[in-house]
Amino acid sequence: MSHLKKELKTSNMLLDWYKTNKRALPWRESSDPYIIWISEIILQQTRVAQGMDYFYRFTERFPDVASLASAEEDEVLKYWQGLGYYSRARNLHAAAKSIMDKFGGVFPSEYKDVLSLKGIGEYTAAAIVSFVWNKPYPVVDGNVFRVLSRLYAVDTPIDTTSGKKQFTELAGIVMNPEKAGAHNQAVMEFGALQCVPQNPDCEACPLKECCMAYASHTVQSFPVKQNKTKTRPRYFHYLYIIYKGQTWLSRRGKKDIWEGLYEFPLIETEQPADFAALQETDAFRHLFDGAGKLNVSVDIPEIKHVLSHQVLHTAFYRVEIEKISDALNSYLAVPYKDIERYAVPRLVHIYLEKLNGNLSE
């Protein structure tokens, strides 16, 4: 059997598996590139089960490019709330405006044009043009890395430039160009459901006879990664300040996590600190200077929130004040019943959910 015929056979086996095993997902029923785009961006950092409700909510409010482009950024962020990685929402908003300005409101069909949109990389561009127009661009995501690395026992680290290039070329070789869209979806779904990261059911795998990792009993050794992500701890102390039915928020600036989102007054310390230690900081003294008597409750002593490069150790304190301090004038005063109107980080959203549930676990 020639090399080309072998790879075509692999693609056909994946396609046969996909016909039987694919999940019924709303974006698979659509040929609208906008819908495919939104689903792909949501699923970049979110599992399907978690992302489904967010997909429905977002596309019901913003059903097309024009509605997204014309919205205010604050509203876009609010509808994205809970998904995290808010730069994705800002990039969606900016890209929608570009489509309106540069492409007359019509989603571009050429790969290079799709790739030019903010927030769209090679993977997402390939997914859109192959799913919608069957253009022969291979998708390479985490699932594809895993399937191909095991199938061909490729030990080149996937988190290197040479690794990404090698896997992109290999994905193109394996793909049946005449069925590019279906093949791309098939290999991604195969990685999500069959060739899973831990303890895959290799005995039930239709590709086991041609899988080099299976033959050498090294399935769990693939894919290979060179670098482990380094994380650093940060210590956040949020202060939910209350005075006569109102509270205070601030909007996060640039060059840090959660740009543009709203949060309670925040004190960040370099080391872990309980409330007694927090009271001794200059930031705490400045914030409450002139606020009179403080009635403090420790609502949540610590939430551990893991981001890609940071681990946030966060406490929430509810502080009822006797008078409005001068420092609070630099914050946004809002009725506390209106907090839900503002887009907040997932961490603050968790606290508000617990607050509404009387902080019960």
Is it true that R341 and D74 make a salt bridge, defined as a side-chain N closer than 4.0 Å to a carboxylate O? no

Between the side chains of D64 and S67, does any donor sit under 3.5 Å from an acceptor? yes

Can you check whether Q310 reaches I257 side chain to side chain, under 4.5 Å on heavy atoms? yes

Look at the rings of F284 and F288 and say which category their plane angle falls in: under 30° parallel, 30 to 60° tilted, over 60° perpendicular. tilted

May I ask you to decide if E178's main-chain N or O and N134's side chain share a donor-acceptor pair within less than 3.5 Å? yes

Under 3.5 Å, is there a donor-acceptor pair between the side chain of K118 and the main chain of A95? no

Quickly, which of I242, L287, L239, L294 forms a side chain to side chain contact (heavy atoms under 4.5 Å, CB included) with I321? Name it, please. L294

After noting the C-alpha distance and the side-chain angles of L207 and W17, does the key distance pass the side chain to side chain contact (heavy atoms under 4.5 Å, CB included) rule? CA-CA 10 Å; L207 300 181; W17 176 91; over 6 Å; no

Quick one: does D289's side chain have a donor or acceptor within less than 3.5 Å of a partner on R285's backbone? no

Stepwise, does the side-chain hydrogen bond (donor to acceptor under 3.5 Å, both in side chains) test hold for E203 with Y214? CA-CA 9 Å; E203 294 304 320; Y214 176 76; 2.8 Å; yes

Any donor-acceptor N/O pair, R146 side chain to G191 backbone, under 3.5 Å: yes

Describe, in one word, how the ring planes of W37 and Y34 are oriented to each other, choosing from parallel (under 30°), tilted (30 to 60°) and perpendicular (over 60°). perpendicular

When you compare the side chains of Y336 and Q246, does any donor N or O come within less than 3.5 Å of an acceptor on the partner? no

With no hydrogens and no angle check, is any side-chain donor or acceptor of R88 less than 3.5 Å from a backbone partner on G84? yes

Give me the one residue out of I128, I99, V114 that meets side chain to side chain contact (heavy atoms under 4.5 Å, CB included) with P33. I128

Taking the basic N atoms (NZ, or NE/NH1/NH2) and the acidic carboxylate oxygens, is any pair closer than 4.0 Å for R57 and D53? no

Judged by modelled atom types alone, do T160 and Q226 share a side-chain donor-acceptor pair under 3.5 Å? no

Taking the inter-plane angle between the rings of Y238 and F316 on a 0 to 90° scale, is it parallel (under 30°), tilted (30 to 60°) or perpendicular (over 60°)? parallel

Between Y240 and W248, is a side chain to side chain contact (heavy atoms under 4.5 Å, CB included) present by the stated rule, with each step listed? CA-CA 7 Å; Y240 175 33; W248 285 264; over 6 Å; no

Ion pair present between K164 and E122, side-chain N to carboxylate O less than 4.0 angstrom? no

Plane angle bin for H313 and Y235 - parallel if under 30°, tilted between 30 and 60°, otherwise perpendicular: parallel

Could D159 and K225 be called an ion pair, given the rule that one side-chain N must be under 4.0 Å from one carboxylate O? no

Hey, is the main chain of G260 close enough, under 3.5 Å, to the side chain of R251 for a donor-acceptor pair? yes

Can you classify the ring geometry of F55 versus W27 as parallel (below 30°), tilted (30 to 60°) or perpendicular (above 60°)? perpendicular

Could you tell me whether E73 and R90 make a salt bridge, using a distance below 4.0 angstrom between a side-chain N and a carboxylate O? no

How far apart are the C-alpha atoms of T156 and Q166, what are their side-chain angles, what is the distance that settles it, and do they pass the side-chain hydrogen bond (donor to acceptor under 3.5 Å, both in side chains) test? CA-CA 8 Å; T156 308; Q166 182 177 354; 2.7 Å; yes

Apply side chain to side chain contact (heavy atoms under 4.5 Å, CB included) to residues F62 and F58 and explain how you reach the verdict. CA-CA 6 Å; F62 310 112; F58 196 87; 3.7 Å; yes

Is the shortest distance from a Lys or Arg side-chain nitrogen in E340 or K78 to a carboxylate oxygen in the other one below 4.0 Å? no

I'd like to know whether CZ of R47 has more than 12 heavy-atom contacts from other residues, nucleotides or ligands below 6.0 angstrom. no

Would N143 and F190 count as a side chain to side chain contact (heavy atoms under 4.5 Å, CB included) if you check the C-alpha gap in whole Å, the side-chain angles of each, and the deciding distance to 0.1 Å? CA-CA 8 Å; N143 288 320; F190 192 78; over 6 Å; no

Under 3.5 Å, is there a donor-acceptor pair between the side chain of S116 and the main chain of D113? yes

In terms of relative ring orientation, are Y137 and Y111 parallel, tilted or perpendicular, with 30° and 60° separating the classes? parallel

Examine the side chains of H237 and T269 and answer whether a donor and an acceptor come within less than 3.5 Å of each other. yes

Expected output: side-chain T46 to main-chain L43 donor-acceptor under 3.5 Å: no

Taking the basic N atoms (NZ, or NE/NH1/NH2) and the acidic carboxylate oxygens, is any pair closer than 4.0 Å for K135 and E110? yes

